[in-house]
Amino acid sequence: MGPYILSGLVLGSISAVSVLGLVLTYSSSRVFNFAHGAMAYFIAVLYWWLTDDQGWSVWPAAIVSVLVVAPLLGLFLWAIVFRRLTHATPVVRFVSTVGLWVAIPALARIIFPIISAGSDVQTRGLGGTPPGQFDVLGVTVNWNQATVIIGAAAVAVGFTILMRFTPLGLMTRAAVDSPRVAAIAGINPSAITAISWMLGTMLAGLAGVLLSPLLGISEIQFTLLLVVSLAAAVLGRMTSIPLAFGGAMAIGMIQGLSEKWESANLGFVEFSLDGFKPSVPFVLMLIALLAYQGLRREQFEVDLRAGPTEEEVAPAARLTGWKAAIGPIAVALVLLSVPIWLNDFWIGVVSQGVALGVLFLTFTVVTGEGGMVSLAQVSLAGIGAFTAAKLATDAEWPVWLALLAGGAVAVPIGLLLAGLTLRLGGLYLALGTLAFSQLLRFTVFGRDDFDNFGSGVAIDRPEFLGIDFSISGGRDNFYYLLVIVFMVAALVVVNLRRSTTGLVLTAMRSSEQAAATTGISILRSKLIAFGTSAFIAGLGGGLFAVSFGRATNVSFEVLVGIVWLAIVVTWGVRSVLGALMAGILYVVVSPPTDKLSFIFVIIVVFAMMGETARLIGSKAIYTARGALLGVGVLAVGITAIVLLLPVEIELSEKAKEVPTLLFGLGAVFLARQPRGVLFDVMNRIRLRQLQRERQLADGATAEAAT
Amino acid sequence: MSAPLLTAEEIVVRFGGVVALDGVDFTADARAITGLVGPNGAGKTTLFGILSGLLRPRAGRVSFDGTDITRASPQRRSRLGIARTFQRLELFGEMTVREHLVVAHRVRMRRDRSLLRDLVGLGSRPTLDEDETIAGILELVGLDAVAEQPVILLPLGTGRIVEIARALATAPRIVLLDEPTSGLDVHETEQVASALRAARDDRGVAFVVVEHDVELVLELCEAITVLDFGRVIARGTPSEIRASTDVQTAYLGTRAAEDVAP
Amino acid sequence: MNSAAEPVLVVGGLEVRYGDARAVFGVDLEAPAGHVVAVLGPNGAGKSSLAAAITGRVPPAAGKVVLAGHDVTGKSASSISRMGVAYVPEERAIFPHLTVQDNLRVLLRFAVPRDDRAAAVERALEMFPILAERRRQQAGTLSGGEQQMLALARVLAAPPTLLVADEMSLGLAPRLVDLVFESLEKARDEGVTILLIEQYVERALAFANEAVILRRGRVVWRGPAVDAHAELVAGYLGSEG
């Protein structure tokens, strides 16, 4: 029993330190930081670089990482990102911090090129190498474990003293209680928020440095840290520090003790308990959420009281009639011509991208149209993929039927998940879906009959009407099939947007209050969006697996899912073209190929393609110059692809991280613009024009009046 | 004389230990504009919350055309024919003026219930009836010129009228208006007032107007209820309200002055 | 310029907007040192927006706010507070989850010199014995009147240069309204300049030196407080039409 209690105590201590930072920053700024684990990762990598690469001894390295660099990182991120989020809409808040979650680890690997994505390294601990050992009550404790427990206790005591007995603590408590009154009393609330982000990042960094000697530095490990911390934060109702601290310890203890039964052989249970440990946070969070359902919504959802939210960037005038069709037709033509100017290898790559484009339409529906942030879309895709693969390969269903079944199976699961969390508001949907993804990855996808030692479940390409879709002879046919499926799916999404349901969703996104008094049922509308998105995710997941040849666990990891979300947001979360471009780019750049030039050319071409179409069709810039510019860019783009294709360029490890970093940053800074990066640029130009026209008009009326 | 359309009886609301409404009665007749006024903190906003379903009273009863709606949700009230507007403009920022009316009208007609039709693209076409209804409302309140404009580009006064038009598109029998002219200048205030009169005269819609601008209420409403300290202190026609010494006292605070007078 | 004659507050051409909504247009206002200036007008006339712009909680769209000779236009609420402006709004300006004592420590922190802080808290508690009794109680559990005492205690323990009192008596029982006015008189006797926004017009006018009447965001009348009453009856209830 003793070793398990010790292990639980150590796990609990680390997440308790971490959750303290999470709750502190949330209380002071109302921004729930999904990048908390990523910050811990950054500081842990720095610590490893200092100790391992630079040869520092452990204590100076820990002090510089945690006490110097971490607060600076916190201050920096507060200044450029978090500061602007307090009054942003909930979706913008979530997406921006998810973007940081993608960007920060990539940045860490670029600055400290001693670690690559997916690697797992053990750092030297503060307890000495190898750590000394001693016995307490018959249990052998090493000094690394002891440091963790002592560290957590010190943090708890230090934090209590800081908050209870110092002027800074008093002012922080005042500013958290009421920022408005604090300002009246002469306290600068921004300064307090900045300090809380510095402290929060320090605590994340400390958790990272304590964690890395015991469990290693890997993104998966730090995602677990995040999930446990956020479960503990939910147990503490987001703002109670003692409850969250206790919750983290409790989760750690249950996880530690569960190892005892995992290793004991319960002969009568066939189901192994492998999945129990990772499911603890999810199960506890779910119980807490269900228990809190009884609470009054207003009491619980503090984040909605934070103040008025600012509007998204205003969209300029929309296109109508035949002009609106130009863009889609241009895209279709370029897509269908791909087999003419690409070789077989690249047709295979682009096929995967188009399949992923179908999958990414799930974000277009749930986040773009529905205004919700779900981190479970990747798991719903996984459900679809594994269901389709099992049905097609084991049960020998026709592939197309198995794919549809995959989509259908994802729907009830998605609806159940959304139904349980949505009543409490958007933040809890995001938290619940993240924990659900984590749970599914370990308890279902990780099981031998799905994971199959990493090789997954094979799935063949469909066959019907006697057309050859096989890898050997039917590459082009398969590609055309995927393009057609994408177009149909995109058409459905566009139809949905323009229909009554779409209007209802748009209304709800803008003002839930006004929508409800217009007679719209908010929960029903959100469930419709979520259910539809779950079907698309399941179907797209299946198609992606088919284009890949097999459904594998690693394709549907939580971390993959957040990169997907980031890249879709960058290219436009409310645009079907954005989903397609995001899909193609994702397969081209990850895993990164050695053709950097190709990547950038394809970015440019697809970008220009869409925007040229928009340019040509738009009323505002419907000029000969605009049309000429569009055609010219398109020609240059296609020529560049053809010329650059044969050029081989070796990518360094650093350069391979660049796309991920860019997508993360894209999500951070484009969260306000649901139509993506290119539209944003165009829109800014167009809005400036409108403003100028308005000013001119105002001037004219003023003159006329006098 | 017919029974009133919307009735609140003996409403009591407490926040913590504070009594916000203390046995308030309120009625609004069909096809009439009823005003609800009172000094700051008199309980106007609380009573508005009770009528619109955002708040539940500690005691008392709200009924609409004979149906008890004390505990009905905002959605249910909307379906019964009670619409409302908000103090802070609550428009659908990404939509045009026409789309505001379309969504309200379709929800009313239950056209939001056919997901499959929507997915294959058959559910988006406007019907003849819809076009006519919406054109009628747009013309009635004077929005036809800006129908295709995104609301985000409209001035505040026009935005308020869009809110009223959206409420009218749910085919209501009564519309509750929360400070419809706050932040507007004299000209815009007059536009809002004439939109209300037009809707009442043409459609027979009743309105309840919560306002701080007493002058506007005296000019616009047929019947007025005055609240102070959570109680009704006067009720009547505009001229009766003007003559009431209780109302003058409530607004100017002579009562408190008398307390200290020897 | 003679500093004794310099007004504590000068507001010139002040304009406040919330998006498209206009709340205050081009208001001019002056508060000589030691005077009480009443700002009156119907609900929604722009009184509270004026107070918000003067105390820095809303940046003015145009115009100037000058405090004791310093231009503070567009400065943050916290920096204006540190220049000696106390603001007591209608919604209680307290921290509901902090104890009474901690509330006073925060509210007085930037109002008194460092070595006077502890003493100022004690002074404030002595003024209202009921607060001293409840010093370790969370302020949110106090009654409305006690919460307003807490705000008054802050004003009296460290008299500010300018007090902006925004409907302090709103929703209080008459006995407590008396207490508010007694406290304001004490503050005036200490030399505090007061901008008084009140709904108890008669009491406000009895107490004030000058009055300014706002309607729809504009000054429609200004003059000695004693002359304001007749003007107000028309202003609140509208002229007979």
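In what follows, chains carry the letters A, B, and so on, assigned in the order in which the sequence lines appear, proteins first and then strands, with residues in each chain numbered from 1. Atoms considered below: every heavy atom in the structure, side chains included; atoms not considered: hydrogens, waters and symmetry mates. The structure presented is a predicted model; accordingly, all values stated were derived computationally and were not measured.
Proximity to chain A (any heavy atom under 4.5 Å) is shown, for C:L108, by neither the backbone nor the side chain. Residue C:R109 touches chain A through its side chain alone, counting heavy-atom pairs closer than 4.5 Å.
The two residues C:P96 and A:D177 make their nearest non-hydrogen contact at N-OD2, 3.0 Å. What you find for A:G186 and C:S81 is that their closest heavy atoms are N-OG, 3.1 Å.
Judged purely by atom type and a 3.5 angstrom limit, C:S78 has no side-chain atom pairing as donor or acceptor with the backbone of A:A183.
The structure places OH of C:Y87 at 7.5 Å from CZ of A:R180, a figure rounded to the nearest 0.5 Å. Atom-to-atom distance recorded for C:N103:CG and A:L170:CG is 9.0 Å, nearest 0.5 angstrom.
Among the candidates C:T55, C:V85, C:L107, C:L98, the residue making the largest number of heavy-atom pairs closer than 4.5 Å to chain A is C:L98.
When side chains are defined from C-beta on, A:V181 does not count as touching C:I94, because their heavy atoms never get closer than 4.5 Å.
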